[in-house]
Amino acid sequence: KNSIDIFGRALLRMNQFRTLGRGLRARVPAQVQAQATVAPRQFHASAVAARGTFFEDVQVKDGVAIVRFDGPEKMNVLAEGMGEELEALWDKDIASNSEVKAVVVTSSKPDNFIAGADIKMLKKLRSDPDKLMDQVTGMHRLSEKMKATGKPMVAAIHGVCMGGGLEMALFCDYRVATNHKKTVMSVPEIKLGLFPGAGGTQNLPPLVGVQEAIKMMTMGGNVKPARAIKSGLIDQICEPGILEQVACDAARGLADGSLKPKKKKKSLMNKLLEDNPVGQYVLFDQAKKAITKATDGKYPAAYAVLDCVKEGLKGNKKAGLEYEAKRFVEMAQTKESHGLIGLFDGMTAMKKSPFGAPQQETKTVAVLGAGLMGAGIAQVTAKNAGRRVLLKDRDLEAAGRGEAIIQENFDKAVKRKRMTKHASDSTMANIVGLGDEVPSWGKHFNGVDMVIEAVFEDLSLKHKVIAAVEEHLPEHAIFATNTSAIPIGEIAKGSKRPENVVGMHYFSPVPQMPLLE
């Protein structure tokens, strides 16, 4: 319960992080004392076949080697053995091949680049800090080894690119992403009580700036291509069908010097804050205060992000990576990380129905009550689940107020570029407002598969509502009550089909709280 409360409060208050980009002030927090680092073991490329589990055969096109990630799962993830296989592939097919002048790293999956690190691997390794340190420092060493080859690398990104996947793209020299709606980038490790541990704290700030990097790593939010190119996270956007061609052209341009990556220009204020000790003193103190205010001090990994970024600003990349590895291993041992990973596992498990396919597909859902709760339920049912929704209240005026709440939320999402105008319009078209004065409302309910009741917590009122709609519902329809206090059995006594009455308790505000009892 405490984990859920903390998680919920953090979700609701994350907007406060946005102040990091505006006139930050005050002093730098005390430097965290360094702890003894564990000497890393090296990956041994000779022990692994050059290709196999994670990568397709390397293809060379006009001097460009194309490395295609194609792991055994539906989503590409950084799992045990991936680093060793990549190093063997690199040594045999790229570093030692004089015909290869540049490299493109991409994915063969239809909708993802790399979705991040394998959570199962992380849970296994966290019980052995030495092995986890080996894994982290091994990735650091491999990325630096690949860069040291002197052959420019281009990341060709389509679909999900998160966590360690984005970190892999970060140590490339150039990044091309598609303009597809599924293409999204983020470093969401903070939601697991961790932070980017594959070089992200050192490689992200030089690209997007210190403030933007801190915001990305402490909030874990998604970044779409349009915003990514403005922030400096990526260098080019293209259509999905020409991604590989555009990436190869960029790689050749980097190799022959005809293409020079453009660095993000900083405003005077950002220069004052990020590029001198006094400004950094102000920036980090205010960032720390913002984190404390938004999380009640319950996310130690967010403070570790600040420490790692500060270490990187000292200018010693090797020392910065060593410090990042040490702090990552520390965070993996915390009770906060264990709890948040448990919460993540629970949420993931709940996405899979233990009962198999339903006997009756739910196509139309009726929501009774168009207040804040009912409007929120209607919104997520139409937008997230893609179902047709009947939003009914005592009259059309009340139903209209509920529709207005949903429209206002969609308008905000469109303004913030989190939703397209077309998606807003098409979703609203799937929400039909109804009132008691509409003679045909009963006919509408003839095709309803599920009713979700969100009226006041009054047993007699709920019985009245059940009786009013039940005579119009098909036999298979489920009646769900959003009650938080009244026993479901008592509510079911007002139904002719009590076995079809269930409880579905949403948490308010519904669009912001991803939790259902």
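Computed from heavy atoms alone, side chains included, the values below leave out hydrogens, waters and symmetry copies. The structure displayed is predicted, hence computed values, not measured ones. Each residue takes its place number in the sequence, starting with 1.
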J.: Among residues two or more places apart or on two chains, list those pairs meeting ring pair (Phe, Tyr, Trp, His ring centres under 6.0 Å) that have a residue in residues 444-464.
T.: Trp441-Phe445

J.: Under a 3.5 Å threshold, yes or no: a donor from one side chain and an acceptor from the other, between Ser108 and Glu56?
T.: yes

J.: Would you sort out whether Arg387 and Thr364 count as a side-chain contact (heavy atoms from CB on, under 4.5 Å), showing the intermediate values?
T.: CA-CA 6 Å; Arg387 301 303 193 265; Thr364 301; over 6 Å; no

J.: Between Asn482 and Glu453, is the side-chain hydrogen bond (donor to acceptor under 3.5 Å, both in side chains) condition met? List the steps.
T.: CA-CA 6 Å; Asn482 184 55; Glu453 164 271 307; over 6 Å; no

J.: Taking the side chain from Ser143 and the backbone from His140, do they hold a donor-acceptor pair closer than 3.5 Å?
T.: yes

J.: Would you please test Arg68 and Glu244 for salt bridge (charged side-chain N to carboxylate O under 4.0 Å, His left out) and show each step?
T.: CA-CA 10 Å; Arg68 298 185 180 93; Glu244 200 168 281; 2.8 Å; yes

J.: In the structure I gave you, are the side-chain heavy atoms of Met168 and Leu78 within less than 4.5 Å of one another anywhere?
T.: yes

J.: Any salt bridge between Lys421 and Asp425, counting N to O under 4.0 Å?
T.: yes

J.: How are the rings of Phe69 and Phe55 set to each other: parallel, tilted or perpendicular (split at 30° and 60°)?
T.: parallel

J.: Any side-chain heavy atom of Phe507 within less than 4.5 Å of one from Glu517?
T.: yes

J.: How long is the gap from CD on Glu73 to NZ on Lys109, to the nearest 0.5 Å?
T.: 8.0 Å

J.: Look at the side chain of Glu167 and the backbone N and O of Ala169, then say whether any donor-acceptor pair between them is shorter than 3.5 Å.
T.: no

J.: Phe54 versus Leu89: any side-chain heavy-atom pair under 4.5 Å?
T.: no

J.: Using only atom types and a distance under 3.5 Å, with no angle test, would you say the side chain of Lys462 pairs donor to acceptor with the backbone of Thr481?
T.: no

J.: Side chain of Asp296, backbone of Lys298: donor and acceptor closer than 3.5 Å?
T.: no

J.: Short question: side chain of Ser424, backbone of Thr420 - any donor-acceptor pair under 3.5 Å?
T.: no

J.: In a check of side chain to side chain contact (heavy atoms under 4.5 Å, CB included) between Phe479 and each of Asn500, Ile452, Val502, Val469, which one passes?
T.: Val469

J.: Apply side chain to side chain donor-acceptor pair (under 3.5 Å) to Lys74 and list each qualifying residue two or more places apart in sequence or on a separate chain.
T.: none

J.: Using modelled atom types only, decide if a donor and an acceptor are shared between the side chain of Asp395 and the backbone of Gly435 within a distance under 3.5 Å.
T.: no

J.: Hey, does the side chain of Asn112 reach the backbone of Asn76 with a donor-acceptor pair shorter than 3.5 angstrom?
T.: yes

J.: Donor-acceptor pair, Gln202 side chain versus Cys308 backbone, under 3.5 Å?
T.: yes

J.: Less than 4.5 Å apart, side chain to side chain, heavy atoms only: is that true for His338 and Lys123?
T.: no

J.: Which atom pairs, one a donor and one an acceptor, fall under 3.5 Å between side chains of residues 486-495 and the rest of the protein, sequence neighbours left out?
T.:
| from | atom 1 | to | atom 2 | distance (Å) |
| --- | --- | --- | --- | --- |
| Glu490 | OE2 | Lys493 | NZ | 3.0 |
| Ser495 | OG | Glu470 | OE2 | 2.4 |
| Ser495 | OG | Arg497 | N | 2.9 |
| Ser495 | OG | Arg497 | O | 3.3 |

J.: Is the shortest side-chain heavy-atom distance between Tyr303 and Lys288 below 4.5 Å?
T.: yes

J.: Output yes when a side-chain donor or acceptor of Thr183 lies under 3.5 Å from a complementary backbone atom of Asn179, and no otherwise.
T.: no

J.: I'd like to know if the side chain of Gln360 reaches the main chain of Asp449, judged simply by a donor and an acceptor atom lying under 3.5 Å from each other, with no hydrogens or angles considered.
T.: no

J.: Between Arg227 and Glu212, does any NZ, NE, NH1 or NH2 come within less than 4.0 Å of an OD or OE carboxylate oxygen?
T.: yes

J.: Salt bridge (charged side-chain N to carboxylate O under 4.0 Å, His left out) for Asp118 and Lys120? Distances and angles first, verdict last.
T.: CA-CA 5 Å; Asp118 183 1; Lys120 296 190 292 291; 3.6 Å; yes

J.: Exactly one of Ile114, Asn222, Val77 should register a side chain to side chain contact (heavy atoms under 4.5 Å, CB included) with Met162. Which one does?
T.: Asn222

